[in-house]
There are 2 protein chains.
Amino acid sequence: MRNREYGQFCGLARAAEVLGQRWTLLILRDLLTGPRRYSDLAAGLPGIPSNLLSTRLKELEQDGLIVREARGGADRSIVYAMTDRGAELQPALDALSRWGAAGMREPREGEIVTDASLVSALRVAAEGAAIAEQRLTFTVSVGDAVAHAIVEGDGVEVGIGAHPGADAVITGGPGFRDMLAGALDPATAIAEEAVVVEGDPGLLDDFVSTFTVPYSPAMTAD
Amino acid sequence: MRNREYGQFCGLARAAEVLGQRWTLLILRDLLTGPRRYSDLAAGLPGIPSNLLSTRLKELEQDGLIVREARGGADRSIVYAMTDRGAELQPALDALSRWGAAGMREPREGEIVTDASLVSALRVAAEGAAIAEQRLTFTVSVGDAVAHAIVEGDGVEVGIGAHPGADAVITGGPGFRDMLAGALDPATAIAEEAVVVEGDPGLLDDFVSTFTVPYSPAMTAD
DNA sequence: CGGGATCCCCCGAGATACTG
DNA sequence: CAGTATCTCGGGGGATCCCG
């Protein structure tokens, strides 16, 4: 068997063969936010060797998870995009994200937040949210990352970059993650400047009730 | 940062740091079926180097996913068991299993089915099943692997080993996977000896309506 | 025999430089 | 911009050995 195979006729083993390679999950996380160029991917994955990114993209194309396509038009740039089969991974990656996020407290030394990781986090945080009474738009920024969210009815749309004319612009700092876990209430978070809100500060309550990232019950027992 | 880290404050990245190591997902899959001894794990993971199994178990204990405990009583053997935090991985591993299984057709040359992989597959296959009218018990064997399932109401219980006095003993061969995908109907499967049923052959219909493993829509388009 | 530890080899990851 | 080329080094694969 090829070196990366496990020799078991098992769904999890097959998934592990494809996804268990270093950097692969993060590449897919980034591509799930939309098609990206090689240099966009490299920028969103600081520390990845360029040859490894190149290798992974070829493997993922080989495995049918992504496609490499020349973008028509003026710029002849090349973009990578998820296939349908690749997009089917979303529930699994979301479940992994949720598990990982439940075990996160403070960032470790030097850890960053990227655009794609922020979008991914917000999308997962919005799952299971109650139906919104009114349409609300947010711009969320954490570190250098910026994302936007449009909350309307039972759907939440999240994407990279600011939302022009958002109802509220929320800038998260230390303590932002505690607030999303419910360990720090919005009013206190504003008072302690763990969060800065431009626009109606009251909208932070709506934000928190829509986007929640609980701590793992097994870890609060510490 | 440690070598296996990604330097991103992101749930998926954190999950990948723990789960992205070779063999780790399969070790957890096996432990999710219940506590296991070192030698049980080694037997269920043919090909794993013993030093690597040892290393992984230490890492997983360090990360709080499993505990190593001396089993009291006559045999002083040591067992490894999931912690609560580790057990929270089940939804994520199930989602990965489902995705992987959706992409599986025939086994590759030399691929085997283990007890734990069969249990895992049946558990995932039972998700979303309709409420059963009557209590049914099955013993399922594929290759050398044997599992049992108890279907009752809206719950399905799956475990390793045969169920004594099961209502039906189902032995799957080539074509079994097609049947679970709905590509081969039960009567034909029996006729072609893709499946052998001891007991009431009609129970195979109940089995198939409870345990389904669809093919990926994106792959049937091939 | 269960439950590992030790050894060596080699591949793949990381870093850096370079090119169409 | 979108990669390829080359080198080094740590970790995985495989076999063997050890200890209660």
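Letters go in sequence order (proteins before strands), and every chain restarts at 1.
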Undergrad: Could you encode protein contacts along nucleotides 10-16 of chain C as a string, one character per nucleotide from 5' to 3', using B for base contact, S for sugar-phosphate-only contact and - for no contact, with a heavy-atom cut-off of under 4.0 Å?
TA: ---SBBB
Undergrad: Within residues 8-18 of chain B, find the residues that approach DNA chain D with a heavy atom at under 4.0 Å, and present them sorted by residue number.
TA: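 Within this stretch, nothing sits under 4.0 Å of the strand.
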Undergrad: Counting only heavy atoms from other residues, nucleotides and ligands, does the tally under 6.0 Å from CD of Glu193(B) exceed 12?
TA: no
Undergrad: We want to know whether Arg68(A) and Tyr80(A) form a side-chain donor-acceptor pair, criterion being a heavy-atom distance below 3.5 angstrom.
TA: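 Present: a donor and an acceptor within the cut-off.
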Undergrad: Round to the nearest Å and state the distance from Leu45(B) atom CG to dG13(D) atom C1'.
TA: 15 Å
Undergrad: Which heavy-atom pair separates Arg14(B) from Glu111(A) by the least distance, and what is that distance?
TA: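 Heavy atoms only, the tightest pair is NH2-OE1, 2.7 Å.
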Undergrad: Counting only N and O atoms by type, is there a donor-acceptor contact under 3.5 Å from the side chain of Thr210(B) to the main-chain atoms of Ala126(B)?
TA: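 Checked: no pair found.
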Undergrad: Between Glu59(B) and Gln21(B) (side chain of the first, backbone of the second, donor and acceptor by atom type, cut-off under 3.5 Å), is there such a pair?
TA: no
Undergrad: Under 6.0 Å from the CD atom of Glu157(B), do we count more than 12 heavy atoms belonging to anything else shown?
TA: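 At most 12 heavy atoms, drawn from other residues, nucleotides or ligands, come within 6.0 Å of this atom.
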Undergrad: Any luck finding a side-chain donor-acceptor pair between Gln90(B) and Arg29(B) under 3.5 Å?
TA: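 The criterion, which ignores hydrogens and geometry beyond distance, is not satisfied for Arg29(B) and Gln90(B).
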Undergrad: At less than 4.0 Å, is any side-chain N or O atom of Ser77(B) found next to OP1 or OP2 of dG2(C)? Yes or no.
TA: no
Undergrad: Can Asp63(A) and Arg4(A) be counted as an ion pair, charged N to O under 4.0 angstrom?
TA: yes
Undergrad: Quick one, Thr33(A) with Arg36(A), criterion side chain to side chain donor-acceptor pair (under 3.5 Å). Give me CA distance, side-chain angles, the key distance, then yes/no.
TA: CA-CA 9 Å; Thr33(A) 67; Arg36(A) 290 285 174 275; 3.2 Å; yes
Undergrad: Between dA2(D) atom P and Ile66(A) atom CD1, what is the distance in whole Å?
TA: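 In whole Å, dA2(D) P and Ile66(A) CD1 are 14 Å from each other.
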Undergrad: Looking at dG3(C), I'd like to know if its phosphate oxygens (OP1 or OP2) sit under 4.0 Å from a side-chain N or O belonging to Arg36(B).
TA: no
Undergrad: Would you indicate, yes or no, if dG3(D) has its OP1 or OP2 atom less than 4.0 angstrom from a side-chain nitrogen or oxygen of Ser54(A)?
TA: no
Undergrad: Do His148(A) side-chain atoms and Gly161(A) backbone N/O form a donor-acceptor pair below 3.5 Å?
TA: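 Yes, the answer is positive, given that a donor and an acceptor are paired below the 3.5 Å cut-off.
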Undergrad: Side-chain N or O of Tyr80(A) versus OP1/OP2 of dG3(D): is the shortest distance under 4.0 Å?
TA: yes
Undergrad: Ignoring backbone atoms, establish whether Lys58(B) has a side-chain N or O less than 4.0 Å from OP1 or OP2 of dG3(C).
TA: no
Undergrad: Using a strict threshold of under 4.0 Å (side-chain N to carboxylate O), is an ion pair present between Glu61(A) and Arg56(A)?
TA: no
Undergrad: Starting at atom OH of Tyr38(B), determine the distance to atom P of dG2(C), rounded to an integer number of angstrom.
TA: 12 Å
Undergrad: Between C1' on dG3(D) and CG on Leu53(A), what's the gap in Å once rounded to a whole number?
TA: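 For the pair Leu53(A) CG and dG3(D) C1', the rounded distance is 9 Å.
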Undergrad: Could you check how far CZ of Arg37(B) sits from P of dG2(C), rounded to whole Å?
TA: 7 Å
Undergrad: Measure the distance from CG on Leu57(A) to P on dC1(D) and round it to the nearest whole Å.
TA: 16 Å
Undergrad: For Tyr6(A), does the six-membered ring have the charged nitrogen or CZ of Arg22(B) within the cation-pi criterion, i.e. under 6.0 angstrom from the centroid and within 45° of the normal?
TA: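 Verdict for Tyr6(A): a cation-pi partner in Arg22(B).
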Undergrad: At less than 4.0 Å, is any side-chain N or O atom of Tyr6(A) found next to OP1 or OP2 of dG13(D)? Yes or no.
TA: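 No, Tyr6(A) has no side-chain N/O under 4.0 Å of OP1/OP2 on dG13(D).
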Undergrad: Estimate the overall bend of the helix from dC1(C)-dG20(D) to dG20(C)-dC1(D) from the end axes over five pairs each, rounded to 10 degrees.
TA: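 If I round to tens, the end axes sit 30° apart.
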